[in-house]
Enquirer: 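Here it is: the structure, laid out below.
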Amino acid sequence: MKDLSLICLVGATGTGKTAAALALATALGGGVVNFDSRQVYAGLGVVTAQPTPAERAVCPHALYGYLAIDTPVRAGAFAGEILARARAYREQGLAPILVGGTGLYLKSLVDGLAPIPDIDPGIREGVINECRALGSQVLHGRLQLVDPDYAAKIHPNDPQRICRALEVFTATGRTLTWWHGQTRRPAGLRVLKIGLAADLPALTPRLARRIELMLDAGALEEVRLAFEQCPDRRAPGFSGIGCPELLGVLLDGLGLEQARREWLHSTRAYAKRQLTWFHKDGEIAWHEAGDVAGIVARAAAFLESDS
RNA sequence: GCCGGGGUAGCUCAGUCGGUAGAGCAGGGGACUGAAAAUCCCCGUGUCGGCAGUUCAACUCUGUCCCCCGGCA
């Protein structure tokens with residue numbers, strides 16, 4: 001069976017991935033699949049910068065705005081979903097173009113993920129509650145006893161990773177270190193990663209402008225309606241940058257100016273984390289965002305070498 | 001002009017009994033295996049407003065000048 005060829009567009013938030021994806025899809029006859037963790041939520045299309053209806057009309061789009069705000073995304077399941085959509089596109093004769101900013105999700109898909117079974121929610125909650133009650137340092141101490149290797153890799157102040165390691169051990173009787181050793185890179189994939197280059201100083205004014213465009217496009221009203229549907233600020237969908245700030249305006253009387261500032265600050269910090277992640281990935285071919293011709297040429301050559 | 005209160009990191013400020021200084025925020029760097037737009041880690045030399053004096057030693061005490069903020073004229 002022929003390998004599945006995936007063109008993956010990565011880059012920090014606001015670097016122009018959406019536009020580049022449309023250009024690629026048009027030039028190559030492709031379909032777009034989202035691998036961004038926040039653009040999956042319905043009713044938050046503006047704040048999460050999902051492609052607009054007009055943009056989606058240009059070519060097929062998958063996995064945008066299809067989840068309720070209170071539904072969590074799971075990396076493993078989501079990666080499987082992305083692959084299924086990519087295969088479906090190929091069967092239709094379309095080149096799958098994966099677009100997103102969530103480095104972990106792309107990595108899960110390309111490099112594989114440890115085959116850990118789903119963890120019983122009760123166990124998970126128990127660990128989290130204990131962590132809240134005792135503090136992450138205490139649980140880190142426990143983790144040192146069962147999985148010293150992993151405990152050494154993570155910091156005692158990192159509740160999220162400590163809880164994950166403990167819930168996996170409690171539920172499966174195996175350590176996370178052992179599970180990680182079971183990771184296999186999926187066979188049958190050919191992957192081209194194209195990165196849209198950006199540095200923070202150049203990106204910052206664009207991010208500020210984008211916030212204004214989102215506000216003009218009705219971001220505040222969008223979040224107001226979304227909160228009416230799902231009145232829980234801690235719902236996974238509301239962790240998207242911009243939501244806490246706008247909910248602050250709507251619910252806490254936060255000034256719009258202050259909200260803008262905080263929104264930009266979080267966006268910038270996020271972009272920086274993304275750059276750190278992607279720069280470390282040696283498989284990425286970097287292009288200037290405006291270099292549409294170069295991007296298309298590279299992708300075309302990649303598909304060419306497929307046959 | 002007089003009386004208070006101040007001038008210390010980009011910003012807001014702390015600094016004990018004289019021993020040349022440290023927090024928060026901002027900023028920078030990094031980690032990352034099912035919460036990832038999440039979670040977490042690391043990074044602080046700056047004419048201590050200027051000048052002079054006392055002292056082995058001054059951000060710290062004294063004098064003087066400059067600037068800012070209140071109050072009174």
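Sequence lines set the chain letters: A, B, ... in the order given, protein chains first and strands last, and positions in each chain run from 1. Quantities reported herein were computed from a predicted structural model and do not represent experimental measurements.
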Enquirer: If you measure from the C1' atom in C48(B) to the same atom in A58(B), how many Å do you get, rounded?
Expert: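 Those two atoms are separated by 11 Å.
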Enquirer: Any side-chain N or O of Tyr105(A) under 4.0 Å from OP1/OP2 of G34(B)?
Expert: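 Answer no for this pair, as no side-chain N or O of Tyr105(A) is under 4.0 Å from OP1 or OP2.
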Enquirer: Looking at Thr276(A), I'd like to know whether one of its side-chain N or O atoms comes within less than 4.0 Å of OP1 or OP2 on G30(B).
Expert: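 Yes, Thr276(A) has a side-chain N/O under 4.0 Å of OP1/OP2 on G30(B).
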Enquirer: Which listed nucleotide (G28(B), A37(B), G34(B)) is nearest to the side chain of Thr102(A)?
Expert: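 Of the options given, the side chain of Thr102(A) lies nearest A37(B).
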Enquirer: Between the base of A26(B) and the side chain of Arg261(A), is there any donor-acceptor pair under 3.5 Å?
Expert: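 Check fails, no donor-acceptor contact within cut-off.
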Enquirer: Is Arg210(A) near enough to A37(B) that one of its side-chain N or O atoms lies under 4.0 angstrom from OP1 or OP2?
Expert: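 For Arg210(A), the contact criterion (side-chain N or O under 4.0 Å from OP1 or OP2 of A37(B)) is not met.
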Enquirer: Give the rounded distance in Å between these two atoms: CG of Asp147(A) and P of U33(B).
Expert: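 Atom-to-atom, Asp147(A) to U33(B), this comes out as 12 Å.
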Enquirer: To the side chain of Leu200(A), which of G34(B), A26(B), G28(B) is closest?
Expert: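 Selected nucleotide (nearest to the side chain): G28(B).
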Enquirer: Please state the P separation for the pair G18(B) and U60(B) - nearest whole angstrom.
Expert: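 Between the two P atoms, the distance is 12 Å.
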Enquirer: For the C1' atoms, the ones on U55(B) and on C3(B), what distance do you get once it is rounded to whole angstrom?
Expert: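 To the nearest whole Å, 32 Å.
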Enquirer: So, is Lys280(A) near the phosphate of C32(B), with a side-chain N or O under 4.0 Å from OP1 or OP2?
Expert: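 Yes.
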Enquirer: What stems, by residue range, does RNA chain B take part in, given at least 3 consecutive Watson-Crick or G-U pairs under 3.5 Å?
Expert: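 As far as RNA chain B goes, consecutive pairing (with distances under 3.5 Å) yields the stems B:1-7 with B:66-72, B:10-13 with B:22-25, B:27-31 with B:39-43, B:49-53 with B:61-65.
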Enquirer: Using a cut-off of less than 4.0 Å, is there contact between a side-chain N or O of Arg124(A) and OP1 or OP2 of A35(B)?
Expert: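 For A35(B), OP1 or OP2 has a side-chain N or O of Arg124(A) closer than 4.0 Å.
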Enquirer: What's the CG-C1' distance between Asp199(A) and G28(B), to the nearest Å?
Expert: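 To the nearest whole Å, that distance equals 14 Å.
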Enquirer: For the P atoms, the ones on A26(B) and on G71(B), what distance do you get once it is rounded to whole angstrom?
Expert: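 Taking atom P in both A26(B) and G71(B), they lie 33 Å apart.
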Enquirer: If the cut-off is 4.0 Å, is His265(A) near the phosphate of A26(B), judged by side-chain N/O to OP1 or OP2?
Expert: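 For A26(B), OP1 or OP2 has a side-chain N or O of His265(A) closer than 4.0 Å.
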Enquirer: Round to the nearest Å and state the distance from Phe78(A) atom CZ to A37(B) atom P.
Expert: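 The answer, rounded to whole Å, is 10 Å.
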Enquirer: Below the 4.0 Å mark, does C40(B) have OP1 or OP2 next to a side-chain nitrogen or oxygen of Arg161(A)?
Expert: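 So the side chain of Arg161(A) is outside the cut-off, no N or O lying under 4.0 Å from OP1 or OP2 of C40(B).
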Enquirer: Roughly how many Å apart are G15(B) and C32(B), using the C1' atom of each and rounding to a whole number?
Expert: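 39 Å, rounded to whole Å.
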Enquirer: Given U33(B), A35(B), A36(B), which nucleotide is nearest the side-chain atoms of Val73(A)?
Expert: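 Output: A36(B).
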Enquirer: Counting distance alone, no hydrogens or angles: does the base of U33(B) have a donor or acceptor under 3.5 Å from a partner atom on the side chain of Ser108(A)?
Expert: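 Side chain to base: no pair below 3.5 Å.
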